[in-house]
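By convention in this document, chain letters (A, B, ...) are assigned in the order of the sequence lines, proteins followed by strands, and residues within each chain are numbered from 1.
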Protein chains: 2
Amino acid sequence: MAATIKDIALRAGVSVSTVSRVISNHPRISPQTAKKVRAIMQELNYHPNLTAKSLVSKSTKTLGILLPKQADVLLLNPFFTEAMRGIVSYSTRAGYDLLMIGPPSNGEELEAVIRIVRGKRVDGILILHSRVNDPVIAYLQKDGFPHVLIGRSEEYPSTLTVDTDNVAAAYDATHCLIRQGHRKIGFVSGPPNLVVSRDRLEGYRKAIREAKLPERDEWIVEGDFLQESGFRAMSFLMGLPDRPTALLVTDDIITFGIVRGLTELGYRVPDDLSLFSFNNISLAELANPPISSVDIGIFQLGYTATHLLIADVEGRSVADRRQIIPHRLLIRGSSAPLNPRVKG
Amino acid sequence: MAATIKDIALRAGVSVSTVSRVISNHPRISPQTAKKVRAIMQELNYHPNLTAKSLVSKSTKTLGILLPKQADVLLLNPFFTEAMRGIVSYSTRAGYDLLMIGPPSNGEELEAVIRIVRGKRVDGILILHSRVNDPVIAYLQKDGFPHVLIGRSEEYPSTLTVDTDNVAAAYDATHCLIRQGHRKIGFVSGPPNLVVSRDRLEGYRKAIREAKLPERDEWIVEGDFLQESGFRAMSFLMGLPDRPTALLVTDDIITFGIVRGLTELGYRVPDDLSLFSFNNISLAELANPPISSVDIGIFQLGYTATHLLIADVEGRSVADRRQIIPHRLLIRGSSAPLNPRVKG
DNA sequence: CTGAAAGCGCTTACAG
DNA sequence: CTGAAAGCGCTTACAG
């Protein structure tokens, strides 16, 4: 059996209280005692039982990452990986472990969150995507359980969040296409229940309106963050009698699907259709043509979110509860000045 | 305060033992009692403290995933994500949570493993990459702690493993290039301390020898699973006075780097260099040209590994402790019959 | 079928 | 500076 604090105490001829204090570097322990106890800990190869520790200290030094119901879709997207990198990077540094919270086979995310939160398995929760009217956020907010959101919450302005200014980002990208001479610009959105989808749509609309360009409902298509969605959006849009010459696309993965579909149909990018998308995943630059994309600093989003959450968990006051990570446009080959041949 | 088992017992007028038995569906509890207790649990919105439960039951219903020291590199690769999808898929179904084990800032992976294992935070450990002489495996093996390896262990044949037959896979892919008329075939390997790198090198060598083709040490290059490595390998190989006409590459990500470099230098794939790689990540098919790749069933590797580990953890006997997931070649545009212009 | 009691391995007032 | 004791929220023989 592995040595416990009791074994150490016995062997060292002190009480378990003393051993516990040595472990936690309590200030009022004599150097000699500490030294002796530490030597025995070494000798017996002692490692504390973290479960027992958590039970009494009410702290787990663990953060939960909520996986969405369709974990598959999220996990397929480099966004997840990149955010994870940022999260792991900070949490490791801060001495926190990470627990993935997968929703039960055919249950809701909220169930899993309740089980973990009430089960005292984590000190705080990271939410990677903000949905409109998210019951998980409502629950955590009501319960007062520490959590941070990558995204934005409309209903709970006091929620700790790290986000891109998606309205501005979409506005900027759209504006870039407008400056290139495009007048018929479409928008391929993500799932409409995500806040990010709404914000980007708003930014897109704002730019179109300001430039007094035509607004056409059929130029706005919704989908998932999957290549298939891009393929479908492309099929629909290119089949329109009056079709756009440029597209703002909400995710690079969707753009890949669009490019692929266009290529299969014999169209060319950007000659037949200019594309500008979001996320700037590493393959965007390597695609053919390279994809123009808004870099939203995904690693930074994850890193900062973790930073904020841990500060909150540890009771340090967080001055700015709604942080914005700056974005930047990377203009590449997939977007180009309007091709005169196509011009309306 | 959240309700505990004690509150339920008090309110229901039974002992805590009885409540505990109701929770765990103990057979010898009267239906009436069970019903009453359950009603109160509902009423008080009771959820068990999982930490307390773990402490006494000595089971956490949690699996640990070991992140390598350079978590960055692993996380950048779609291999990780895809394996995670398989892992999450099975573990969720089986009711297990997942704890990411990140190595301490500048410490070794083994430290983190010991802390988690001895700290009783998980019931078993998943290792995503097998290194030669891996101290982590040595530790877990000696300790008798349940673990499974995606890969192969040379030192501990009794380790639970799920692997590709990498020797055969590399042999098959090399042979495919040979059949296409290539006689000068190079190999771009991953880190040499990984078992997978050695196995694939062996398969490559076997095919070359059998076909009595020239073996040249400078046609074998090592690198990391990064695009930069591909770029560097490409620079080196294309600068050789006598250079290969085809390359077997150990990872799609590396291949992307190679293709990118070749394109920048004005070379064309497959005309100037045929490429065949491993993993068949989803973007391999979409690249230009589409990348020929060995599909090793990464999702399946993760799924099966989790399945085996949980069986082991729960004491069910695992008949085949070293499982092989079949691979298949996907021959696409990046590999083509030797271009006569380049020949000899 | 049910309860009293001991115990899992820790931490932390309290007292000295 | 150190120890005895109580307790964190559960489970599980043991006895009835």
**Request:** Quick one: the dot-bracket string of DNA chain C, using Watson-Crick and G-U wobble pairs with both distances under 3.5 Å, [ ] for crossing pairs and | for bases paired to another strand.
**Result:** |||.||||||||.|||
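Of the residues near DNA chain C, Lys120(B) and Ala34(B), the one whose nearest nucleotide (by heavy atom distance) lies more toward the 5' end is Ala34(B).
Listed by first and then second residue, the ring-ring contact (aromatic ring centres under 6.0 Å, His included) pairs involving residues 4-43 of chain A amount to none (not counting sequence neighbours). Applying the ring-ring contact (aromatic ring centres under 6.0 Å, His included) test to every pair with at least one member in residues 82-116 of chain B, sequence neighbours left out, gives these pairs: Tyr90(B)-Tyr303(B), Tyr90(B)-His307(B). Every pair passing salt bridge (charged side-chain N to carboxylate O under 4.0 Å, His left out) that includes a residue from residues 89-111 of chain A is listed here, sequence neighbours excluded: Lys69(A)-Glu108(A), Asp97(A)-Arg115(B), Asp97(A)-Arg121(B), Glu109(A)-Arg131(A). Residue pairs meeting the salt bridge (charged side-chain N to carboxylate O under 4.0 Å, His left out) criterion with at least one partner in residues 135-157 of chain A, sequence neighbours excluded, are Arg152(A)-Glu154(A), Arg152(A)-Asp199(A). For residues 38-56 of chain A, every residue pair satisfying the salt bridge (charged side-chain N to carboxylate O under 4.0 Å, His left out) rule, not counting sequence neighbours, is listed here: Arg11(A)-Glu43(A).
For the C1' atoms, the distance from dG16(C) to dT12(C) is 16 Å, rounded to whole Å.
Thr18(B) and Ser15(B) share a side-chain donor-acceptor pair at under 3.5 Å.
Note that the first and last nucleotides of DNA chain C, 5' to 3', having any atom under 4.0 angstrom from a heavy atom of chain B are dC1(C) to dG9(C).
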Using distance only, find each side-chain donor-acceptor pair of residues 30-37 of chain B under 3.5 Å and give its atom names and separation, not counting sequence neighbours.
{"from": "Ser30(B)", "atom 1": "OG", "to": "Thr33(B)", "atom 2": "N", "distance (Å)": "3.1"}
{"from": "Ser30(B)", "atom 1": "OG", "to": "Thr33(B)", "atom 2": "OG1", "distance (Å)": "2.6"}

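Looking only at side-chain heavy atoms (C-beta outward), Val122(B) and Phe145(B) come within less than 4.5 Å of each other.
With sequence neighbours excluded, the residues satisfying side chain to side chain contact (heavy atoms under 4.5 Å, CB included) with Ser130(A) are Leu149(A), Val195(A). Residues passing the side-chain hydrogen bond (donor to acceptor under 3.5 Å, both in side chains) test with Ser91(A): none are found, sequence neighbours excluded.
Residues from residues 2-32 of chain B that place a heavy atom under 4.0 Å from any atom of DNA chain D, listed by number: Thr4(B), Ile5(B), Ser17(B), Ser20(B), Arg21(B). For the contact set between residues 44-62 of chain A and DNA chain D, defined by any heavy atom under 4.0 Å, the members are Leu55(A), Val56(A), Lys58(A).
Rounding to the nearest 0.5 angstrom, the gap separating the CD1 atom in Ile87(B) from the CG atom in Leu63(B) is 8.5 Å.
Scanning all heavy atoms of the two residues, the minimum distance from Tyr46(B) to Ile5(B) falls at CE1-N, 3.6 Å.
Within 6.0 Å of atom CZ in Arg316(A), more than 12 heavy atoms from other residues, nucleotides or ligands are found, so the atom counts as buried in its surroundings.
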